[in-house]
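Please read the structure below before turning to the comments.
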Amino acid sequence: FFIMSSLFCDGIVSGLQQRLKERCKAEKTKVRSYDLMFWTNLYMAVASLLFAVARSEMREGTRFCLKNPLLAQKILKFALCGALGQACIFFTIANFDSVVC
């Protein structure tokens, strides 16, 4: 179920990114990879925050992170690696196509 949901959402995002690229091309502007990355991450952060608050997990998660200070270092490393990986992915999407074989 989750894999199919992920693929479905990925297909929607891919189509939206393709339309955005076509619109920018018609307006003679360039799609920049960091713009795609910023807006995608902003919407995901807002959605994650809303889900965490709605499920009453925000306080418990924050408390757990504060009790385990070494966890913050690991989360920071994980976030840095994720950001570098996303930069490569969004560079490819902005300069080529979302489906490159």
Side-chain angles (χ1 to χ4, degrees):
F1 170 75
F2 291 118
I3 291 175
M4 293 304 292
S5 299
S6 175
L7 289 172
F8 176 76
C9 291
D10 193 40
I12 291 173
V13 170
S14 175
L16 291 173
Q17 288 172 340
Q18 192 64 31
R19 275 194 272 166
L20 174 68
K21 285 176 64 176
E22 290 169 4
R23 177 190 269 174
C24 287
K25 191 175 186 178
E27 295 175 0
K28 306 245 190 278
T29 57
K30 182 163 174 46
V31 176
R32 296 182 307 202
S33 57
Y34 293 110
D35 291 337
L36 292 173
M37 189 171 162
F38 172 78
W39 289 108
T40 299
N41 287 330
L42 178 68
Y43 288 121
M44 288 307 301
V46 169
S48 297
L49 181 65
L50 290 175
F51 278 112
V53 170
R55 294 177 50 121
S56 301
E57 295 177 351
M58 190 69 180
R59 184 177 299 142
E60 182 181 337
T62 304
R63 192 177 306 129
F64 181 79
C65 288
L66 291 174
K67 284 182 181 179
N68 299 288
L70 290 177
L71 185 64
Q73 184 181 34
K74 294 184 185 297
I75 290 173
L76 219 54
K77 287 180 184 177
F78 183 75
L80 180 64
C81 290
L84 290 173
Q86 279 190 349
C88 294
I89 290 168
F90 282 107
F91 175 81
T92 303
I93 291 171
N95 292 299
F96 301 103
D97 194 6
S98 56
V99 182
V100 177
C101 296

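We're numbering straight along the sequence, starting at 1.
Judged by distance alone, the side chain of Thr29 and the main-chain N or O of Lys25 form no donor-acceptor pair under 3.5 Å. No side-chain donor-acceptor contact under 3.5 Å links Ser6 to the backbone of Phe2.
Both Met37 and Ile89 are assigned to one and the same hydrophobic cluster, defined by single-linkage of ILVMFWY side chains at heavy-atom distances under 4.5 Å. Linking Ile, Leu, Val, Met, Phe, Trp and Tyr residues whenever their side-chain heavy atoms come within less than 4.5 Å leaves Leu80 and Leu71 in two separate clusters. Hydrophobic clustering (side-chain heavy atoms under 4.5 Å, transitive across Ile, Leu, Val, Met, Phe, Trp, Tyr) groups Phe38 together with Tyr43.
With a 6.0 Å radius and a threshold of 12 heavy atoms from other residues, nucleotides or ligands, Leu42 has its CG atom above the threshold. The environment of Glu57 atom CD is dense: over 12 non-hydrogen atoms of other residues, nucleotides or ligands sit within 6.0 angstrom.
With a 4.5 Å cut-off on side-chain heavy atoms, Thr92 and Cys88 do not count as touching. In this structure, the side chains of Gln86 and Thr40 stay at 4.5 Å or more apart for every pair of heavy atoms.
Rounded to the nearest 0.5 angstrom, Ile75 CD1 and Asn68 CG are separated by 9.0 Å. Here Gln18 contributes atom CD and Arg23 contributes atom CZ; the two are 13.5 Å apart, rounded to the nearest 0.5 Å. With rounding to the nearest 0.5 angstrom, the OG atom of Ser48 is 10.0 Å from the CE atom of Met58. Distance check: Lys67 NZ to Thr62 OG1 gives 12.0 Å after rounding to the nearest 0.5 Å. Within the model, atoms SG of Cys9 and CE of Met4 stand 11.5 Å from one another, a figure rounded to the nearest 0.5 Å.
Considering every non-hydrogen atom in both Pro69 and Leu66, the closest pair reads CD-O, 4.2 Å.
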